[in-house]
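Working notes for the structure below.
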Amino acid sequence: MILSIIIVNYNVKHFLEQCLYSVLKAAEHIGSVEVFVVDNNSSDNSMKYLLPKFPTVTFIENKENLGFSKANNVALKQCKGEYVLFLNPDTIVTEDCFSTCLNFFKEHNDCASIGVRMLDGTGKFLPESKRSFPSPITSFYKLVGLAFLFPKSRIFNKYALGYLDENKHHEVDVLAGAFLMVSKAVIDKVGSFDETFFMYGEDVDLSFRLQQSGLKNYYLGELPIIHFKGESTKRGSLNYVKMFYNAMSIFVSKHYGGSKARVFAMVINCAIWLRAFLSATKRLLSNLFMPLFDLIVLNLVVFIIERSWIAIVRHGESFNNFFVGYAAPFFSVTFILVAWVSGIYDNLYKPSKAITALTIATMAEMTLYSLLPDDIRFSRGVFLLAGIFSTIIITFLRGLFIKNKWIDVTNENDRMQQTIIIGAKNEYDEVMAIYEHAGLTERVLGRIAIEEKDTVAAIGHLSQLDLLLNTYEIKEVVFCEGELTNKRIIDIIQHSKHTINFRFHAVNSKSIVGSDNKTTAGESLTADGYYNLFQPYYRRTKRMVDIFIASFMLFIFPLLFLFIKKPIAGIKNMFKVLVGKKTWVGYTLSEKNLPSLRTGILTVYGLPVSEEHPLANEALYKLDNLYAREYDWWRDIQLIFKSFRKLGGV
């Protein structure tokens with residue numbers, strides 16, 4: 001046995017599916033290979049999904065999440081290969097990847113381990129592909145962002161070795177556990193992963209012990225792979241920061257000890273708090289920027305119209321204090337609330353939504369006016385003009401922001417014909433079947449053929465890719481692996497100058513995966529469909545329906561004793577929905593593959609959760625799937641009033 005490959009999986013079955021297809025294809029070039037997948041008690045039915053697809057892979061199912069180190073060590077005990085590759089599930093390797101690494105081992109007798117040039121899902125280089133050993137000062141520079149500001153500095157970015165050419169081979173201190181190939185004889189000598197590390201830091205520790213044995217760790221900068229990142233953890237979160245740097249602290253305590261370890265711990269704790277503050281501030285500013293911008297614009301418009309109205313119509317006579325103190329802010333805040341509910345601030349901006357929000361704000365202001373006593377009334381004309389001018393100005397400014405890409409818009413209804421699929425005709429048909437199941441066929445502009453002679457149902461060929469991307473407003477490119485090799489796909493991506501989303505589909509697979517940001521979880525599209533309930537707008541709408549119905553019922557609760565079978569239980573359910581412990585309509589089955597929902601009072605079938613359903617589980621799953629995919633708030637209201645008498649149970 002030449003090579004043993006170990007992959008630890010945790011809830012990333014579609015990424016792992018693409019990974020395994022690329023691994024098995026690369027394995028064809030080197031002969032005898034064994035592949036182990038260790039599942040850390042995933043809740044997404046990974047094993048049920050993957051076992052039938054990969055009969056040659058050995059799957060090991062843990063009953064709990066053992067972490068990265070322990071899970072790898074479980075499989076390592078069964079490995080028979082001369083070399084062992086530790087590989088992340090969210091990776092795609094090239095066809096010549098394994099053979100290149102094995103040849104390097106043969107040519108370098110001093111080689112203990114090999115790492116490669118890792119690229120994220122957009123083709124950008126991942127600095128952790130090559131690193132130095134951590135120290136208090138290098139870790140501090142990384143945490144506070146100096147390494148990011150000065151990526152090529154020997155001082156500030158020493159930890160990521162930013163001064164070394166990423167495209168060339170180098171001897172380095174630390175290689176990433178996402179792709180780490182080692183000699184089995186050497187790892188038997190120095191020991192496997194230290195199980196003190198649950199996640200992160202174990203690769204640093206192993207790299208250190210490999211180097212201490214007198215051998216070298218090599219980074220192969222000319223050998224790229226895709227590492228989507230962010231799939232098993234959300235790397236931008238404070239939790240990630242704490243886990244990573246606590247792992248670094250364990251490493252320093254283990255190998256350095258004494259005063260250096262204490263200094264490191266102190267620096268890390270200070271830096272974590274600083275990073276937490278900066279991250280929280282950044283998130284707050286990011287989330288509040290557009291609402292605050294709209295608030296400023298609206299108040300400015302109202303102020304200018306008010307001053308003009310006073311000067312022209314009222315001949316210098318000012319409005320009362322009520323106008324300035326309450327009426328004007330009421331208009332602005334009403335718009336912000338309606339806009340937020342409609343999803344404008346979830347990147348679902350449409351001019352019609354802004355017009356609707358401003359119309360509602362204007363009508364609410366007029367209604368307020370009609371309820372006021374005569375002595376504090378103000379001019380309705382001011383707010384009528386404010387509504388008109390605000391609509392024009394906000395629509396214009398938002399369009400300007402979108403055109404210059406200062407803000408992103410991800411409204412599914414607007415993503416018409418912004419996807420192209422690169423591959424052979426049969427591969428294109430496979431991908432289109434997935435898009436059809438997801439209800440997203442309107443996205444696809446057409447197929448890009450690989451060869452010029454292939455003109456069947458193609459809008460162009462691969463050599464024209466740049467021209468097509470410049471001609472059409474393409475936001476998404478799906479690469480079909482099959483006739484097009486992973487090596488060529490990765491080469492195209494890393495040299496692309498276009499800011500678009502790349503997606504990957506292996507031949508015969510049932511999913512499409514991609515990641516547009518190295519710090520967040522990636523995206524997968526499958527034949528199971530595209531779910532509305534994954535979107536913040538629909539989830540917020542569902543929650544608002546829950547609150548509105550619960551509040552209304554509590555308001556009329558004396559009548560509930562006449563219409564609900566179990567009124568006391570019904571009232572308890574209303575409070576549970578109101579505080580967010582339950583939802584009025586939930587899934588019929590406990591299905592972990594669908595967007596998460598609170599436990600329902602009723603099921604999507606329309607019966608209380610405690611009542612037995614007449615349909616088979618397969619039919620019930622399809623109902624749950626349809627509900628999540630095509631969620632509509634009116635459906636919730638229909639189900640609630642249809643089963644009104646059973647809101648307290650049966």
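Just so it is clear, the model here is predicted, and its values are computed rather than measured.
A salt bridge does not link Lys510 with Glu17: every distance from a Lys NZ or Arg NE/NH1/NH2 to an Asp or Glu carboxylate oxygen is 4.0 Å or more. Looking at Glu476 and Arg443, a side-chain N of the basic residue comes within less than 4.0 Å of a carboxylate O on the acidic one, giving a salt bridge. Lys487 has a carboxylate O that lies under 4.0 Å from a charged side-chain N of Asp96, or vice versa, which qualifies the two as a salt bridge. Salt-bridge formation is not detected for the pair Lys184/Glu82: no Lys NZ or Arg NE/NH1/NH2 atom is positioned less than 4.0 Å from an Asp or Glu carboxylate oxygen.
For the pair Asp90 and His227, the minimum side-chain heavy-atom distance is below 4.5 Å. With contacts defined as side-chain heavy-atom distances shorter than 4.5 Å, the pair Pro127/Phe148 does not qualify. The shortest distance between side-chain heavy atoms of Gln211 and Leu215 does not fall below 4.5 Å. Within the 4.5 Å cutoff, side-chain heavy atoms of Arg539 are placed close to those of Pro595.
Here the CG atom belonging to Asn508 is positioned 5.5 Å from the OH atom belonging to Tyr21, to the nearest 0.5 angstrom. Atom CG of Leu462 and atom CD1 of Ile448 lie 8.5 Å apart (nearest 0.5 Å). Annotation: the span from Ile7 atom CD1 to Phe59 atom CZ amounts to 9.0 Å, rounded to 0.5 Å.
Checking Leu50, Ile60, Leu20, Ile5 one by one against Val37, the side-chain contact (heavy atoms from CB on, under 4.5 Å) holds for a single residue, Leu20. Screening Val8, Leu66, Leu206 for a side-chain contact (heavy atoms from CB on, under 4.5 Å) involving Asn72 leaves a single residue, Val8. Partner of Ile500 under the side-chain contact (heavy atoms from CB on, under 4.5 Å) criterion, out of Ile420, Leu469, Ile493: Leu469 alone.
Ser153 contributes no side-chain N or O that, together with a main-chain N or O of Phe150, makes up a donor-acceptor pair within less than 3.5 Å. Side-chain atoms of Glu166 never come within 3.5 Å of backbone atoms of Phe125 as a donor-acceptor pair (strictly under, hydrogens ignored). Counting only distance, with no hydrogens or angles, the side chain of Asp173 and the backbone of Phe208 share no donor-acceptor pair below 3.5 Å. At distances below 3.5 Å, not a single donor-acceptor pair connects side-chain atoms of Asn41 with backbone N or O atoms of Asn65. Counting only distance, with no hydrogens or angles, the side chain of Arg131 and the backbone of Glu128 share a donor-acceptor pair below 3.5 Å. Although no hydrogens or angles enter the test, the distance criterion places no donor-acceptor pair under 3.5 Å between the side chain of Ser4 and the main chain of Val84. Side-chain N or O atoms of Tyr83 include none that pairs as donor or acceptor with a backbone N or O of Phe105 at under 3.5 Å. Judged purely by atom type and a 3.5 angstrom limit, Arg209 uses its side chain to pair as donor or acceptor with the backbone of Val190. Between the Ser132 side chain and the Lys158 main chain, a donor and an acceptor come within less than 3.5 Å of each other. Here the side chain of Ser129 pairs no donor or acceptor atom with the backbone of Arg117 at under 3.5 angstrom.
Cation-pi geometry between Lys53 and Tyr49 is met: the NZ or CZ atom falls under 6.0 Å from the ring centre, inside 45° of the normal.
For Phe504, the ring-ring contact (aromatic ring centres under 6.0 Å, His included) partners two or more places apart in sequence, or in a different chain, are Phe228. His108 is linked by a side-chain hydrogen bond (donor to acceptor under 3.5 Å, both in side chains) to nothing, counting only residues two or more places apart in sequence or in another chain. Asn486 is linked by a side-chain hydrogen bond (donor to acceptor under 3.5 Å, both in side chains) to nothing, counting only residues two or more places apart in sequence or in another chain.
Taking each heavy atom of Gly221 and His169 in turn, the nearest pair found is N-ND1, 3.2 Å. Minimum heavy-atom separation, Ile6 to Cys79: CD1-SG, 3.6 Å. Nearest approach of Gly482 to Glu427, heavy atoms of both residues: CA-OE2, 3.3 Å. The nearest pair of heavy atoms linking Val23 to Phe98 is O-CE1, 3.6 Å. The heavy-atom pair separating Ala112 from Val186 by the smallest distance is CB-CG1, 4.3 Å. Heavy-atom minimum distance, Leu223 versus Cys97: CD2-O, 3.7 Å.
His505 and Glu481 form no side-chain donor-acceptor contact under 3.5 Å, judged by distance and modelled atom types alone. In the model, Asn217 has no side-chain atom that pairs as donor or acceptor with a side-chain atom of Glu171 under 3.5 Å. A donor-acceptor pair shorter than 3.5 Å can be found between the side chains of His498 and Asp466. Of the N and O atoms on the side chains of Asp110 and Tyr218, at least one donor lies less than 3.5 Å from an acceptor on the other residue. Checking Asn9 against Ser42 by side-chain atom types alone, a donor-acceptor pair falls below 3.5 Å. For the residue pair Gln18/Ser509, the side-chain donor-acceptor check at 3.5 Å is satisfied.
The local environment of CG in Leu288 is crowded, with over 12 non-hydrogen atoms from other residues, nucleotides or ligands closer than 6.0 Å.
Taking the centre of each ring, Phe68 and Tyr10 stay at or above the 6.0 Å mark.
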